[in-house]
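Step one of this worksheet: look at the structure below.
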Number of protein chains: 2
Amino acid sequence: MSSSNTISHEIAESLRDEILRQQYRSGERFPSERDLAARFDASRGAVREALSQLEQLGLIRTQPGGARVQSVDSASLAVLGPLLQLDDLPNPVLVDQFLETFGVLAALTAKNAVNAANADQLIQLKKLVVLLADESVDLESMQPRWREFMKILSEIADNLVVRLISNDLKAQFVDQMMRLGIRPDVKRSSIKRFISLLRVSINKNDGELASAAMLTHFEELRTAMSEAIGLKASEIRKMAV
Amino acid sequence: MSSSNTISHEIAESLRDEILRQQYRSGERFPSERDLAARFDASRGAVREALSQLEQLGLIRTQPGGARVQSVDSASLAVLGPLLQLDDLPNPVLVDQFLETFGVLAALTAKNAVNAANADQLIQLKKLVVLLADESVDLESMQPRWREFMKILSEIADNLVVRLISNDLKAQFVDQMMRLGIRPDVKRSSIKRFISLLRVSINKNDGELASAAMLTHFEELRTAMSEAIGLKASEIRKMAV
DNA sequence: CCGACCAATTTGGTCGGACCAAATAGTACT
DNA sequence: AGTACTATTTGGTCCGACCAAATTGGTCGG
């Protein structure tokens with residue numbers, strides 16, 4: 001499950017998940033480095049490297065005398081990915097909040113990109129939208145094109161803050177949903193309308209329109225995703241019986 | 001300048017700033033741990049803890065054989081704070097992007113909070129807005145109240161994703177601007193209008209109105225901040241002569 | 001002259017033991 | 001019971017050592 005094969009990373013992941021699972025109360029003393037070293041059968045150095053990562057994530061605060069656990073919602077954004085894949089099924093509330101937040105950022109990006117694009121970039125965007133329209137039969141199969149489109153949008157909009165946020169958010173999310181077999185079922189007509197709105201907004205250089213289209217798309221995605229997760233949850237319950 | 005008194009943190013800060021200042025090209029080899037230890041006159045262990053923090057920030061990628069520098073805009077959001085206080089004067093473009101992004105998130109928060117607030121919370125919000133109105137003479141002096149208001153909004157909206165983003169963004173920003181003596185001069189009439197719009201939106205339970213008010217406020221803040229930074233820049237140039 | 005292959009070196013990853021200073025816990029004293 | 005003091009725990013740092021992977025540099029063959 002864990003990726004980076006180094007011991008210190010494994011320890012960090014393990015402890016991170018324990019904290020995210022609320023197995024420690026906020027403010028509680030964290031086990032000592034020597035205890036952790038014994039528990040993981042590793043050297044203190046490896047444990048210290050792991051703890052230094054947790055500290056960077058804002059999950060613990062270390063001091064001579066003992067480390068203390070910090071409340072999860074005072075942590076860094078980088079914990080969101082791990083937070084989403086804690087359990088078999090991602091927390092639906094969190095997923096919804098993710099989509100809502102990512103939606104407004106995507107809308108902002110679309111607005112700025114369409115408004116700021118030069119002639120060449122507009123042509124490029126038009127091409128991409130045409131490609132998207134061709135594949136609009138299935139939300140999943142158009143993923144690669146869709147990502148490319150968003151990437152170009154983001155490059156044109158050129159907002160480092162949004163890009164940094166996206167780095168911590170986007171990466172794992174879609175992949176994980178697919179891996180879990182959660183497929184939001186957005187109506188084909190909705191997708192077609194969305195893409196056609198994108199096309200119009202690009203043709204008319206209308207950033208506000210692009211933004212609005214993006215927003216409604218994410219709204220539809222939210223409800224579809226919510227249903228998809230609910231469906232998956234009942235599947236799992238059935239399996240358990 | 002640097003906060004945490006431990007050597008490993010000082011090394012991490014130092015190297016972080018060097019990377020953020022683009023003193024290494026993306027993909028370039030990073031100095032070896034042994035070299036860094038010699039340069040900082042520290043042990044390899046301390047250097048390794050520092051590097052493990054940089055890796056968590058997404059600034060470097062380590063591998064047996066050598067660590068490599070990663071491009072800044074593939075880093076974690078947590079680098080934004082340091083990025084803003086790299087130089088005497090924060091990068092105006094970055095500040096503007098920050099305000100634009102934070103603005104849409106604040107608008108989202110306001111919308112959801114006003115829509116979701118129960119009777120008690122609405123009363124609480126009304127009180128806070130009244131307090132804000134009383135102090136609306138000066139943007140700076142109303143900061144404590146303003147922060148409290150945003151905090152309550154954020155608690156009512158209860159969106160963990162936005163909160164995590166804010167953790168990495170908000171904290172240092174306002175403080176740093178004040179410390180540098182950068183005071184955006186938003187017209188008093190604009191502030192008054194903003195607050196009155198907030199009041200109305202709360203009274204009418206109209207989240208969309210609150211969102212729109214927040215958006216225009218941040219728009220005004222952006223232009224004011226841009227002017228303020230420009231002013232400060234010319235001041236500094238004058239001092240240098 | 002160039003490319004492929006192989007050995008020497010560099011580099012990160014880990015370990016163990018050791019010392020210091022700060023913070024905590026425990027104890028004795030008032 | 002409250003306080004002052006001491007012993008212990010804990011994090012922070014250093015050193016030296018070993019392994020395995022990656023890089024480097026040279027050699028050989030075309």
**Request:** To the nearest 0.5 Å, tell me how far B:M178 CE sits from B:D175 CG.
**Result:** 7.5 Å

**Prompt:** Using the ring of each side chain (for Trp, its six-membered ring), is B:Y24 parallel, tilted or perpendicular to B:F30, with breaks at 30° and 60°?
**Reply:** tilted

**Asked** D:dG11 C1' sits how many Å from A:L36 CG, rounded?
**Response** 12 Å

**Fill in**
Note, DNA chain D 5' to 3' with Watson-Crick or G-U pairs under 3.5 Å encoded as ( ), [ ], | and . gives ||||||||||||||||||||||||||||||

**Whole-Å distance separating the CZ atom of B:R29 from the C1' atom of C:dG12** = 10 Å

**Prompt:** Would a 4.5 Å heavy-atom cut-off, applied to side chains only, mark B:L180 and B:Q176 as touching?
**Reply:** yes

**Request:** Scan side-chain atoms only and decide if A:Q23 and A:D17 contain a donor-acceptor pair under the 3.5 Å cut-off.
**Result:** no

**Asked** Once you round it to whole Å, what is the distance between P of C:dT11 and CG of B:L51?
**Response** 13 Å

**Request:** Quickly work out the B:L54 CG to C:dG12 P distance and round it to whole Å.
**Result:** 13 Å

**Asked** Atom CD of A:E55 and atom CD1 of A:I60: how far apart are they, to the nearest 0.5 Å?
**Response** 6.0 Å

**Request:** For residues A:L164 and B:L80, determine if any side-chain heavy atom of one lies less than 4.5 Å from a side-chain heavy atom of the other.
**Result:** yes

**Request:** Specify the closest pair of heavy atoms between B:Q22 and B:V72, including all atoms of both residues, with the distance to one decimal.
**Result:** NE2-CG2, 4.3 Å

**Message:** How many whole angstroms separate atom CD of B:E28 from atom C1' of D:dT23?
**Reply:** 16 Å

**Item:** Donor-acceptor pair between B:E49 and A:S52 side chains, under 3.5 angstrom
**Value:** no

Can you pull every protein N or O that's under 3.5 Å from an N or O on nucleotides 12-15 of chain D?
unit_1 : atom_1 : unit_2 : atom_2 : d
D:dG12 : OP1    : A:T62  : OG1    : 3.4
D:dG12 : OP2    : A:R48  : NH1    : 2.8
D:dG12 : OP2    : A:R48  : NH2    : 3.3
D:dG12 : N7     : A:R44  : NH2    : 2.8
D:dG12 : O6     : A:R44  : NH1    : 3.1
D:dT13 : OP1    : B:I7   : N      : 2.2
D:dT13 : OP2    : B:S8   : OG     : 3.4
D:dC14 : OP2    : B:S43  : N      : 2.8
D:dC14 : OP2    : B:S43  : OG     : 3.1

